[in-house]
Amino acid sequence: MTTIKENLVEMRRRFHRLPEVGFTEFITTYEIYKLLEQMDYKLYLGDDVLLRSARAGVPAKEKFTKSYERAINYGVPEDFLEYVKEGTTGVIATLDTGNPGPHFAARFDIDGLPITESEDEDHIPGEEQFISLHKGEMHACGHDGHITTGLFLADYINASKDSLKGKFTIIFQPAEENVRGAKSIVEKGWLDDVDYFFSGHVGIRNMPVGTVSAGTTDFLASSKFDVKFTGKSAHAGVEPDAGNNSLLAASSAALNLNAIARHGDGSTRINVGTMRAGSGRNVIADTAFMEIETRGETTELNHYMYEKAKTVIQAAADMYENEVEIIDMGEAPNAVCSDELITAVKQSVKNNQLITDLKDTLPLGASEDVTMMMERVLEKNGKATYMLFPFELKYGHHHPKFDLDESVLQVAVSTYIDIVNSLMKRD
Ligand SMILES: [Zn+2]
Ligand SMILES: [Zn+2]
């Protein structure tokens with residue numbers, strides 16, 4: 001007996017209207033929890049889901065207050081908010097069939113982005129009235145589709161549990177954007193005894209719906225960090241020599257970060273995304289703030305960029321006699337999908353009529369903190385893969401007019417169901 005009463009599109013649109021950025025997914029967590037509660041899962045919330053100290057890039061207190069009030073107005077009960085209100089969002093659902101068998105885990109990310117959704121007429125969510133109700137926040141990456149896929153998978157497993165074996169863990173992870181949330185779940189030990197680990201993304205590659213890749217290559221390892229320079233202010237006319245200029249320290253850092261020699265072993269990236277400095281025209285700037293990221297084709301290449309960046313930043317600070325603080329805001333390693341699981345996925349879906357083009361792998365070319373989870377599973381001798389479910393992208397991910405081709409949802413859900421039926425069916 002299935003529990004979910006709405007269809008895939010209705011559910012996706014419901015979540016699309018309620019985007020919340022990483023670690024403030026209060027309404028999202030509640031809505032996921034409410035559905036799972038009607039099934040036979042054991043549910044975990046708050047500090048049982050993640051290790052607070054292993055989170056990165058947790059928003060400022062004001063953001064929590066704003067999102068908390070919004071959740072209260074929406075109707076999330078205060079006693080529920082107690083679990084999540086300090087940024088311990090997300091839900092983990094486990095189910096033990098009682099029949100001996102492998103441990104299956106799947107991860108779905110649930111956060112939105114700090115983007116204002118387009119109100120242009122040709123943007124379907126506006127036209128069909130499921131545009132974001134949260135001004136300045138948007139599901140512009142398709143995680144509304146991931147939540148939906150995860151819930152339908154959970155429903156299927158629950159409804160079929162008598163014919164399944166082994167154990168299931170379904171992770172609804174907060175704060176994937178800027179690779180901030182996965183580590184805190186890994187550090188809680190959730191991936192330590194997983195045999196088969198699955199995750200994936202809708203979109204990414206601009207290809208027709210029905211294309212599925214059983215695995216993914218080209219995860220870029222990444223480090224995100226903030227930098228604070230602290231100098232000394234002085235009157236810019238009377239005694240500029242008495243100041244230690246933070247604006248110049250940050251500027252030299254920005255230029256020289258982009259001049260780090262590229263590594264011969266493979267591709268790397270660096271981006272100084274923001275820089276703010278100073279307080280007034282006639283004042284030597286005594287503070288500067290920057291948001292920076294590095295990436296690399298491998299964990300080692302990213303590490304190279306990150307270490308060089310630290311050297312450059314310290315040198316720029318020294319040059320202008322500034323103090324400097326580097327604050328880590330998120331990280332993701334590179335990961336390699338297990339060949340055995342790629343083969344298993346391909347075998348599982350061979351009769352799936354919705355899949356018209358089945359590929360071994362497609363490249364991601366981006367960073368994903370699920371690689372933290374994959375790394376842990378692989379370390380413990382489990383197998384992991386990350387699947388892609390492309391569709392024709394009218395606008396790219398993180399664009400104010402990004403939208404899902406909703407027919408991809410059925411492809412994703414049916415792929416997961418085929419995998420469960422193939423790997424987890426009772427003999
Ligand atoms: Zn994204
Ligand atoms: Zn995404």
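Every heavy atom of this structure was used, including side-chain atoms; hydrogens, water molecules and symmetry mates were not. Keep in mind that this is a model prediction, so the values were computed, not measured. We count ligands from 1, going down the list as the structure has it; atoms in each ligand are counted the same way.
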Q) For S367 and R295, does a side-chain donor sit closer than 3.5 Å to a side-chain acceptor? A) yes
(Q) At less than 2.8 Å, would any N/O/S atom of H146, backbone or side chain, sit next to the Zn ion (ligand 2)? (A) no
Q | Name of the residue among H201, H139, H16 meeting ring pair (Phe, Tyr, Trp, His ring centres under 6.0 Å) with H146 | A | H201
Q) Just by distance, with hydrogens left out, do T28 and E20 show a side-chain donor and acceptor under 3.5 Å apart? A) yes
Q) Do any protein N, O or S atoms sit under 2.8 Å from the Zn ion (ligand 1), and which ones are they? A) C141 SG, E177 OE1, E177 OE2, H398 NE2
Q.
Just by distance, no angles: are the side chains of T294 and N302 close enough, under 3.5 Å, to form a donor-acceptor pair?
A. yes
Q) Got a second to check how far W190's CH2 is from F197's CZ, nearest 0.5 Å? A) 13.5 Å
Q.
Any salt bridge linking K34 with E37? Criterion: basic side-chain nitrogen under 4.0 Å from a carboxylate oxygen.
A. no
